[in-house]
Protein chains: 2
Amino acid sequence: MEKIYNNQVEVVLDIIGGKWKSHIILHLGNGPVRTGELKRLVTGITQKMLIEKLKELEQDGLVSRTVYNQVPPRVEYSLTTFGASLKDVLKVVCDWGDDYVRQRYPNDEVIIKHDLHR
Amino acid sequence: MEKIYNNQVEVVLDIIGGKWKSHIILHLGNGPVRTGELKRLVTGITQKMLIEKLKELEQDGLVSRTVYNQVPPRVEYSLTTFGASLKDVLKVVCDWGDDYVRQRYPNDEVIIKHDLHR
DNA sequence: CCGTATCCTACAGGATACTG
DNA sequence: CAGTATCCTGTAGGATACGG
């Protein structure tokens, strides 16, 4: 069953679109992160959404999941090569978003909670 | 009333997210386009969605709308400076999406209807 | 600590018909 | 030709509770 997109941007939107995925990817930049730590980093996300989105990112080849057989359980997530390259692209997007907000909303009408990349 | 985002990527997703906006922006690249022509270019979009998304893009400062007082009515849309710069960013996104699809789905499991930028 | 299962709600997106 | 007004539906996302 083929997937059909109008253009390549839609492919990327399908991968990082929605409320949480970009935030997750940007927090996976510095090496492996445990599930609980990630939940703490991605402010406001529920466990259900975190696991769900991580699973989707894994299926799309952007995130790898490592399980350590120990008690208590330990699971770590990190970016794959694909994920890392996408993160570089997101950096470009971030920079544009930054300029956009600064120029268009110079008086804090728009608030960025986690000001990344600058 | 302030808007709050987790990161700058969300700002951009708010602007170009959804099913149609990226497609519209990419088609507004080559100068002004009339409404009807745009509807023809953006395959499958309904009139309601087209107008709705154009209005949102205009409010976000990415698209400008020019009305010519004549009969029959003539309305043209084009990218603003902001819109044009965003289009350059989308080009980077497109390129990544292209590589991604080529490497991960080399056998046409994924189809791009409008193969842009290459 | 990590993941799953239910249930629920809001809203993006679509079909269609109408106006100037 | 360009735009508006209704009505409808699928699904992303959230609250909550449970299990290994």
Side-chain angles (χ1 to χ4, degrees), chain A residues 3-7 9-25 27-28 32-60 63-78 113, chain B residues 3-7 9-25 27-28 32-60 63-78 113:
Chain A
K3 273 212 165 189
I4 301 180
Y5 295 95
N6 278 325
N7 58 58
V9 176
E10 286 190 357
V11 177
V12 182
L13 285 181
D14 213 26
I15 292 175
I16 58 130
K19 189 172 178 180
W20 297 112
K21 285 182 180 175
S22 71
H23 209 208
I24 292 174
I25 291 176
H27 273 300
L28 284 178
V33 184
R34 292 188 62 170
T35 314
E37 172 73 357
L38 200 50
K39 175 150 175 9
R40 204 183 56 74
L41 290 171
V42 183
T43 324
I45 197 171
T46 63
Q47 200 155 14
K48 180 207 168 196
M49 294 310 295
L50 179 63
I51 303 296
E52 192 173 303
K53 296 308 151 189
L54 280 170
K55 192 180 287 181
E56 291 173 13
L57 289 170
E58 195 191 353
Q59 283 167 356
D60 286 333
V63 163
S64 67
R65 180 175 179 272
T66 311
V67 183
Y68 298 89
N69 280 324
Q70 58 187 51
V71 181
R74 176 189 184 87
V75 178
E76 285 186 347
Y77 293 91
S78 57
K113 286 167 68 178
Chain B
K3 274 212 167 191
I4 301 181
Y5 296 95
N6 279 325
N7 57 58
V9 176
E10 286 189 357
V11 176
V12 181
L13 286 181
D14 213 27
I15 294 176
I16 58 131
K19 189 172 179 180
W20 297 112
K21 285 182 180 175
S22 70
H23 209 207
I24 291 174
I25 290 176
H27 274 300
L28 284 179
V33 184
R34 292 187 64 168
T35 313
E37 172 74 357
L38 200 51
K39 176 153 176 3
R40 205 183 55 74
L41 290 172
V42 183
T43 326
I45 197 170
T46 62
Q47 197 157 12
K48 179 208 169 197
M49 294 310 297
L50 179 64
I51 303 296
E52 193 173 303
K53 296 308 149 189
L54 281 170
K55 192 179 288 183
E56 291 173 13
L57 288 170
E58 194 190 355
Q59 282 167 355
D60 286 332
V63 163
S64 67
R65 179 174 179 274
T66 311
V67 183
Y68 298 88
N69 281 324
Q70 58 187 51
V71 180
R74 175 188 185 88
V75 178
E76 286 184 346
Y77 292 92
S78 56
K113 285 167 69 178

> Which is it for N6(A) and V42(B) under the side chain to side chain contact (heavy atoms under 4.5 Å, CB included) test, yes or no, and what are the steps along the way?
Replying inline: CA-CA 9 Å; N6(A) 278 325; V42(B) 183; 5.8 Å; no
Euclidean distance, atom [atom1] of residue [X] to atom [atom2] of [N] [Å, nearest integer]:
{"X": "L50(A)", "N": "dA12(D)", "atom1": "CG", "atom2": "P", "result": "17 Å"}
{"X": "K19(B)", "N": "dC11(C)", "atom1": "NZ", "atom2": "C1'", "result": "15 Å"}
{"X": "H23(B)", "N": "dA12(C)", "atom1": "NE2", "atom2": "P", "result": "21 Å"}
{"X": "D14(B)", "N": "dA12(D)", "atom1": "CG", "atom2": "P", "result": "18 Å"}
{"X": "E76(B)", "N": "dC1(D)", "atom1": "CD", "atom2": "P", "result": "15 Å"}
{"X": "I45(B)", "N": "dG3(D)", "atom1": "CD1", "atom2": "P", "result": "13 Å"}
{"X": "N69(B)", "N": "dG3(D)", "atom1": "CG", "atom2": "C1'", "result": "15 Å"}
{"X": "L13(B)", "N": "dA12(D)", "atom1": "CG", "atom2": "C1'", "result": "14 Å"}

> Do K39(B) side-chain atoms and L50(B) backbone N/O form a donor-acceptor pair below 3.5 Å?
Replying inline: no
> Any side-chain N or O of W20(B) less than 4.0 Å from the OP1 or OP2 oxygen of dG14(C)?
Replying inline: yes
> So N7(A) and H23(B), side chain to side chain contact (heavy atoms under 4.5 Å, CB included) or not? Walk me through it.
Replying inline: CA-CA 7 Å; N7(A) 58 58; H23(B) 209 207; 3.2 Å; yes
Give each protein N/O atom lying under 3.5 Å from an N/O atom of nucleotides 1-8 of chain C, with the pair distance.
from, atom 1, to, atom 2, distance (Å)
dC1(C), O3', R34(A), NH2, 3.2
dC1(C), O3', P73(A), O, 3.4
dC2(C), OP1, R34(A), NE, 3.2
dC2(C), OP1, R34(A), NH2, 3.2
dC2(C), OP2, G36(A), N, 2.9
dG3(C), OP1, R65(A), NE, 2.9
dG3(C), OP1, R65(A), NH2, 2.3
dG3(C), OP1, Y77(A), OH, 3.2
dG3(C), OP2, T35(A), OG1, 3.2
dG3(C), OP2, Y77(A), OH, 3.3
dG3(C), N7, Q47(A), NE2, 3.0
dT4(C), OP1, K55(A), NZ, 3.3
dT4(C), OP2, K55(A), NZ, 3.2

>> Please determine whether side chain to side chain contact (heavy atoms under 4.5 Å, CB included) holds for the pair Y5(B) and L13(B), giving the CA-CA distance in whole Å, both sets of side-chain angles, and the decisive distance to 0.1 Å.
In response: CA-CA 10 Å; Y5(B) 296 95; L13(B) 286 181; over 6 Å; no
> Taking 4.0 angstrom as the limit, do K55(B) and E52(B) come out as a salt bridge?
Replying inline: no
Between side-chain atoms of residues 64-73 of chain B and protein atoms elsewhere (two or more places apart, or another chain), which donor-acceptor pairs fall under 3.5 Å?
from, atom 1, to, atom 2, distance (Å)
S64(B), OG, S78(B), OG, 3.1
R65(B), NE, Y77(B), OH, 3.2
Y68(B), OH, E76(B), OE1, 3.3

> What residues, two or more places apart in sequence or in another chain, satisfy side-chain hydrogen bond (donor to acceptor under 3.5 Å, both in side chains) together with K21(B)?
Replying inline: E56(B)
> Taking only Watson-Crick and G-U wobble pairs with both distances under 3.5 Å, what dot-bracket line describes DNA chain D, where [ ] shows pairs that cross earlier ones and | shows pairs with another strand?
Replying inline: ||||||||||||||||||.|
>> According to salt bridge (Lys or Arg N to Asp or Glu O under 4.0 Å), who are the partners of E58(A), at least two apart in sequence or on a separate chain?
In response: none
>> By the 4.0 Å heavy-atom rule, please label K21(B) as base, sugar-phosphate, or nothing.
In response: nothing
>> Enumerate the salt bridge (Lys or Arg N to Asp or Glu O under 4.0 Å) contacts for residues 9-19 of chain B, please, sequence neighbours excluded, ordered by first and then second residue.
In response: K3(B)-D14(B)
